[in-house]
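Presented below is the structure to which this report refers.
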Amino acid sequence: MGRSSLVSVLCALGIAGCAGSAPEAARSKDSLQRVVAAVSAEQGAGAPGTAEHAALAAAHDHDHDDEVEEDGGEVDDDVELPAEPGAGTPARSPLAAMTDAQIEELLANDPAALGPMSVGATNAGALFNGIRMPESDRWELVDPGHAWGTRETIDALDRAIAEVHRQFPGSPKLYIGHISARDGGYLSPHKSHQAGRDVDISYFLDARHRWYQRATAANLDRERTWAFVRALITETDVELILIDTSVQKLLKEHALKIGEDKGWIDDVFQYGSRSRRPLIRHARGHANHIHIRFYSPIAQESAVRAYPLLVKRRAIKPRMQYVRHTVKKGQTLGSLARRYGTTVEAIKRANGLRSTAIQAKRVYNIPRPSGGPAAPPAHVTVPPRRLPPPRAADASPPARHDEPGPALGG
């Protein structure tokens, strides 16, 4: 399809409707849908929140209770799981039906029409055409300048929060922390949050709730928090959920108390079970917020399809290659930099380090210049959702129990 054909197709499909006054995100989504429909038919088939960012980073480093770990507050969100074996749904991108020439033309003239793309790994990636999490009376953005994600991430998060409000009308706001920077890439103080698929969000706590407050048996609203986590598992394509073991214990006990299927609960929780692949996992620093990672099959597969063209047109920078190195006693950042042909500052940036101190037996990301564009990531397969047995699934909303709980504001 040449330029005139592509333009004609875009115009002809305008009859499907796209309000000119719609927000930018909606226009991008509608534009992509029209382009895809056309190609398939033919082939037969805000300004960065500087102050908020500083406050958020400070919160990660603030030392109260036992929130700060021995490495000075670095949050261990660098969990990267291997592809899940077994059946799954291969991700499909609308861009698969397009030629390189068509994609390049849109990159030059209407890049938003290509839709969001989650490029590479969450700990070494980028975000193209990201969507900013909108404002809402159901949540508060702690750092709006770093709340960019894929369309699928934004929609999934909204869907899970909406389910809590359906079950518990008048629920208080959640705090949403970092998702990704507008173009992805390294975002202090995290190791992940680089490709628009990671979200930091608060627990439902009592009326004195503030961002980055530790969840305890005294202040955790078990009913709302479990309703939220349950919706993530059953209503969205979630890859993993990081929750401190102490909070997992409270949520698991509550889920069993209200009659959730024990086998299903043991399968999704890491705490107290032998599940080979739990969705809810422990990671340091997650007693004061939940870390969610979503699959974004369209955005991920679109990145696979368009990556060489994005690099060719310098729409994104070539991905840096990373080596996972376990530090041995006596090694320093300087010795690692010399060994791998990089710099101390590059290693600090890749790991969110604020000093040159490193710890033996810890694993660090070591960036290495690739010497050229990195190979596109592997194709994406989304595993089936972990659904409970039908009897438990039909119990929506779960039965209320008169267990002691915090008084909620709002």
Side-chain angles (χ1 to χ4, degrees), residues 1-14 16 18 22 24-45 83 88-122 124-132 148-156 180 182-185 194-197 237 239 294-319 373-382:
M1 181 188 293
R3 175 180 176 81
S4 59
S5 298
L6 182 58
V7 172
S8 298
V9 164
L10 288 171
C11 294
L13 285 164
C18 179
E24 179 181 353
R27 290 201 307 269
S28 299
K29 184 178 181 182
D30 290 346
S31 182
L32 175 60
Q33 290 172 340
R34 295 197 306 274
V35 172
V36 173
V39 174
S40 299
E42 183 182 58
Q43 295 188 359
T89 303
R92 299 190 63 177
S93 166
L95 307 189
M98 301 175 66
T99 66
D100 285 1
Q102 290 165 354
I103 294 174
E104 285 198 79
E105 183 173 345
L106 288 174
L107 281 172
N109 299 307
D110 188 12
L114 294 170
M117 299 185 202
S118 179
V119 185
T122 58
L127 178 64
F128 182 75
N129 278 342
I131 307 295
R132 206 199 80 171
W148 294 80
T150 66
R151 165 57 62 192
E152 292 145 294
T153 293
I154 303 303
D155 288 348
S180 287
R182 183 166 189 166
D183 297 321
Q194 296 194 29
R197 299 192 291 115
D237 293 320
E239 184 174 349
F294 294 102
Y295 288 103
S296 292
I298 296 175
Q300 290 177 264
E301 197 67 15
S302 290
V304 173
R305 172 68 184 89
Y307 181 79
L309 305 175
L310 294 172
V311 173
K312 176 182 176 181
R313 297 194 64 87
R314 299 184 180 180
I316 61 170
K317 296 179 181 179
R319 283 195 304 121
H379 292 279
V380 182
T381 298
V382 180

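Every heavy atom of this structure was used, including side-chain atoms; hydrogens, water molecules and symmetry mates were not. FYI, the numbering just counts along the sequence from 1.
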*Interatomic distance, Ile316 atom CD1 to Leu309 atom CG [nearest 0.5 angstrom]*: 10.5 Å
*Find the distance between CG (Leu114) and CG (Leu95) and round it off to the nearest 0.5 Å.*
5.5 Å
*Could you give the distance from CZ (Arg151) to OG (Ser118), rounded to the nearest 0.5 Å?*
14.5 Å
*Excluding sequence neighbours, so at least two apart, what forms side-chain hydrogen bond (donor to acceptor under 3.5 Å, both in side chains) with Glu301?*
His379
*Please report the closest heavy-atom contact between Ala121 and Ala195, naming both atoms and the distance.*
O-CB, 4.1 Å
*Using the test side-chain hydrogen bond (donor to acceptor under 3.5 Å, both in side chains), find all partners of Ser296 that sit at least two apart in sequence or belong to another chain.*
Thr150, Thr153
*When you measure from the side chain of Ser180 to the backbone N and O of Gly196, does any donor-acceptor pair fall under 3.5 Å?*
yes
*asked:* So, taking the atom named CE in Met117 and the one named CD1 in Ile298, what distance separates them when rounded to the nearest 0.5 Å?
replied: 12.0 Å
_Between Ser302 and Phe128, is there a side-chain heavy-atom distance shorter than 4.5 Å?_
no
*Straight-line distance of Arg305 CZ to Ser93 OG, nearest 0.5 Å*: 8.5 Å
_Main-chain N/O of Tyr295 paired with Gln300 side-chain donor or acceptor, under 3.5 Å_ = no
*side chain to side chain contact (heavy atoms under 4.5 Å, CB included) against Arg313, all qualifying residues, sequence neighbours excluded*: Glu104, Leu107, Ala108
_Set of residues satisfying side-chain hydrogen bond (donor to acceptor under 3.5 Å, both in side chains) with respect to Asp237, sequence neighbours excluded_ = Arg385
*Atom pair CD (Glu105) and CG (Asp100), whose distance is rounded to the nearest 0.5 Å*: 13.0 Å
*Set of side chain to side chain contact (heavy atoms under 4.5 Å, CB included) partners for Ala156, sequence neighbours left out*: Arg159, Thr236, Phe294
*What do the steps show when you test Glu239 against Thr122 for side-chain contact (heavy atoms from CB on, under 4.5 Å), and what is the final call?*
CA-CA 12 Å; Glu239 184 174 349; Thr122 58; 5.7 Å; no
